[in-house]
Amino acid sequence: MFPRAFDYHRARSLKEAAKMLSQLGEEAKLLAGGQSLIPLMKLRFANPKHLVDLNFIPRLSYIKGDKNELRFGALTRHSDIENSAAAAKIPILHDCAAGIADVQIRNRGTIGGSLAEADPSGDWAVVLSTLNTSLRCIGLKGERVIPLNEFITDAYTTVLANDEIVSEVLVRVPPKGSGGAYLAFKRAAPVYPTASAAVQVVLEDGVCKEAAIALACVGLTAIHPREAEAELSGKAIDEKTMDAAAEAARAAADPQQDMRGSAEYKRTLVAALVKRAIATAARRARGERVEVSHLYA
Ligand SMILES: Cc1cc2nc3c(=O)[nH]c(=O)nc-3n(C[C@H](O)[C@H](O)[C@H](O)COP(=O)(O)OP(=O)(O)OC[C@H]3O[C@@H](n4cnc5c(N)ncnc54)[C@H](O)[C@@H]3O)c2cc1C
């Protein structure tokens, strides 16, 4: 199906884009990679009267950083992150970027667009929620930096005002002794996962000092199973603690039955993903180089 007719506007700066959004009102949408918006427009689930294209704004795609923080321009493509040596220093970022859909979508889709879309099945929001992440947002009233856990308020809902644009994603580099892993179970590459789990741990003298776990596709929004994190904190990571954390994650999951499987199947699946992700995160925290990729049915 073709999208409904719309006017196309090419912004040359973030300020100009914010001005356009303000003047055009609620009927206007930003266009980044178009990998969520254009399919929705073709299905006529989204019918914006105006598209404001961010793709011609200079210096909106980059990966920069120092030993404390990595900064991603909002227009940085998933594939840029997949192939970035700087991003690979936080292995969970590579796990995420390399597993999103297929190569065509990764070449167009952007980190800023993925977070702004706030799709509860999207990979970036769940992964970045296990790290210390914030978003720099620019609007006509100026600039603000919003922690990710305050940015997304519900499925497909963020705190962005109508004239605000995500300009940069800021990720704190985890402390020494950290390791993380992201695993998703998929039926095929260009579909969203059936279930996924992101885990980030900090180990000190073999004991888990901090743990962050996030689950996607097993609830209406991402789930942070605090009981599962508590099963790891202050303990050595071994079969017993991993099983306890996986069991707690299974209990916290709240999946719906759909064409991808029954609720019980997804609970079992997410528990297994959590256990494997913890094992990989712990090995990485101990300094091992471990490659992982998404699991396919
Ligand atoms: C077949 C298919 C499979 C996919 N599979 C996956 C998957 O497995 N995992 C996954 O995570 N994603 C998946 N995606 C989505 C893909 O990752 C998208 O790239 C991403 O969700 C949106 O990024 P985008 O740059 O394409 O945004 P767009 O589609 O251009 O925009 C999405 C929304 O965000 C707004 N927006 C965009 N940029 C900004 C900004 N800087 N500031 C404020 N608002 C902004 C837009 O106005 C729009 O409302 C899939 C997409 C397709 C088509």
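This chain uses plain numbering: 1 for the first residue, then up along the sequence. Values below: every heavy atom of this structure, side chains too, minus hydrogens, waters and symmetry copies. Keep in mind that this is a model prediction, so the values were computed, not measured. Both counts, for ligands and for their atoms, begin at 1 and track the order of listing.
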query: Any N or O of Val166 that comes nearer than 3.5 Å to an N or O of ligand 1?
result: yes

message: Surrounding CG of Asp66 (heavy atoms of other residues, nucleotides or ligands, distance under 6.0 Å), is the total greater than 12?
response: yes

- prompt: If two hydrophobic side chains count as joined below 4.5 Å and joins carry through other members, does Val166 share a cluster with Ile152?
  reply: yes

message: Between Glu264 and Arg267, does any side-chain N to carboxylate O distance fall below 4.0 Å?
response: yes

statement: ligand 1 atoms nearer than 4.0 angstrom to some heavy atom of Gly122 are 11 (O)

query: Angle class for the Trp124/His78 ring planes (parallel below 30°, perpendicular above 60°, tilted otherwise)?
result: tilted

- prompt: Short N/O distance, under 3.5 Å, between Gly33 and ligand 1?
  reply: yes

message: Heavy-atom pairs closer than 4.0 Å: do any link ligand 1 to the side chain of Ile105, the backbone, both, or neither?
response: side chain

query: ligand 1 and Leu30, any nitrogen or oxygen pair closer than 3.5 angstrom?
result: yes

- prompt: Is a side-chain N or O of Arg77 found less than 3.5 angstrom from the main chain of Arg108, in a donor-acceptor match?
  reply: yes

- line: Near Lys29 (heavy-atom distance under 4.0 Å), the atoms of ligand 1 are 47 (O), 49 (O)

Check: Leu54 N/O within less than 3.5 Å of ligand 1 N/O: no

message: Checking Lys186 now: which residues fulfil side-chain hydrogen bond (donor to acceptor under 3.5 Å, both in side chains) with it, not counting sequence neighbours?
response: none

field: Under 4.0 Å to a heavy atom of Val191 - the qualifying atoms of ligand 1, by number
entry: 8 (O)

task: Return a yes/no value for His78: is any of its N or O atoms, backbone included, closer than 3.5 angstrom to an N or O of ligand 1?
output: yes

query: Heavy-atom distance to atom 38 (N) of ligand 1: which of Ala46, Pro190, Ala32, Ser167 wins?
result: Ala32

task: Just need the protein heavy atom nearest to atom 15 (C) of ligand 1, so name the residue and atom and give the distance.
output: Tyr192 OH, 3.1 Å

query: Which option, Ala118, Gly109, Gly73, Pro39, owns the non-hydrogen atom nearest atom 19 (O) of ligand 1?
result: Gly109

- request: Report, in ascending order of atom number, the atoms of ligand 1 lying under 4.0 Å from any heavy atom of Thr110.
  value: 19 (O), 23 (O), 24 (P), 25 (O)

field: Ligand-side contact atoms (ligand 1) for residue partner Glu117, heavy atom cut-off under 4.0 Å
entry: 32 (C), 33 (C), 34 (O), 48 (C), 49 (O)

message: Any heavy atom of Leu60 closer to ligand 1 than 4.0 angstrom?
response: no

- prompt: Of the protein's non-hydrogen atoms, which lies at the shortest distance from atom 27 (O) of ligand 1, and what is that distance?
  reply: Gly113 CA, 3.6 Å

message: Would the distance check show the side chain of Ser79 and the main-chain N or O of Arg106 forming a donor-acceptor pair, the cut-off being under 3.5 Å?
response: yes

- request: Please determine if Glu239 and Lys275 form a salt bridge, counting it only when a charged side-chain N lies under 4.0 Å from a carboxylate O.
  value: yes

query: Under 3.5 Å, N or O to N or O, is Asp123 touching ligand 1 that way?
result: yes

field: Geometric N/O contact Glu164 with ligand 1, under 3.5 angstrom
entry: no

query: So, the side chain of Thr130 versus the backbone of Ala212: is there a donor-acceptor pair under 3.5 Å, distance only?
result: no

Just list the side-chain donor-acceptor pairs under 3.5 Å for residues 286-297, sequence neighbours left out, or say none.
residue : atom : partner : partner atom : Å
Glu288  : OE1  : Arg283  : NE           : 2.9
Glu288  : OE1  : Arg283  : NH2          : 2.8

query: Going by distance only, is there an N or O of Lys186 that falls short of 3.5 Å from an N or O of ligand 1?
result: yes

- prompt: Going only through I, L, V, M, F, W and Y residues with side-chain contacts under 4.5 Å, is there a path from Ile165 to Ile57?
  reply: yes

- prompt: Mind checking whether Ala116 has an N or O less than 3.5 Å away from an N or O of ligand 1?
  reply: no

query: Do Gly34 and ligand 1 have an N or O pair less than 3.5 Å apart?
result: yes

Salt-bridge present (Asp163, Lys141; N to O < 4.0 Å): no

Shortest protein heavy-atom distance from atom 4 (C) of ligand 1, along with the residue and atom involved: Ala101 CB, 3.6 Å

message: Tell me the protein heavy atom at minimum distance from atom 51 (C) of ligand 1, and give that distance in Å.
response: Gln35 O, 3.4 Å

task: Count the heavy atoms belonging to other residues, nucleotides or ligands that lie under 6.0 Å from NZ of Lys19, then report whether that count exceeds 12.
output: no

message: Can you tell me if Leu160 contacts ligand 1 (heavy atom of the residue under 4.0 Å from the ligand)?
response: yes

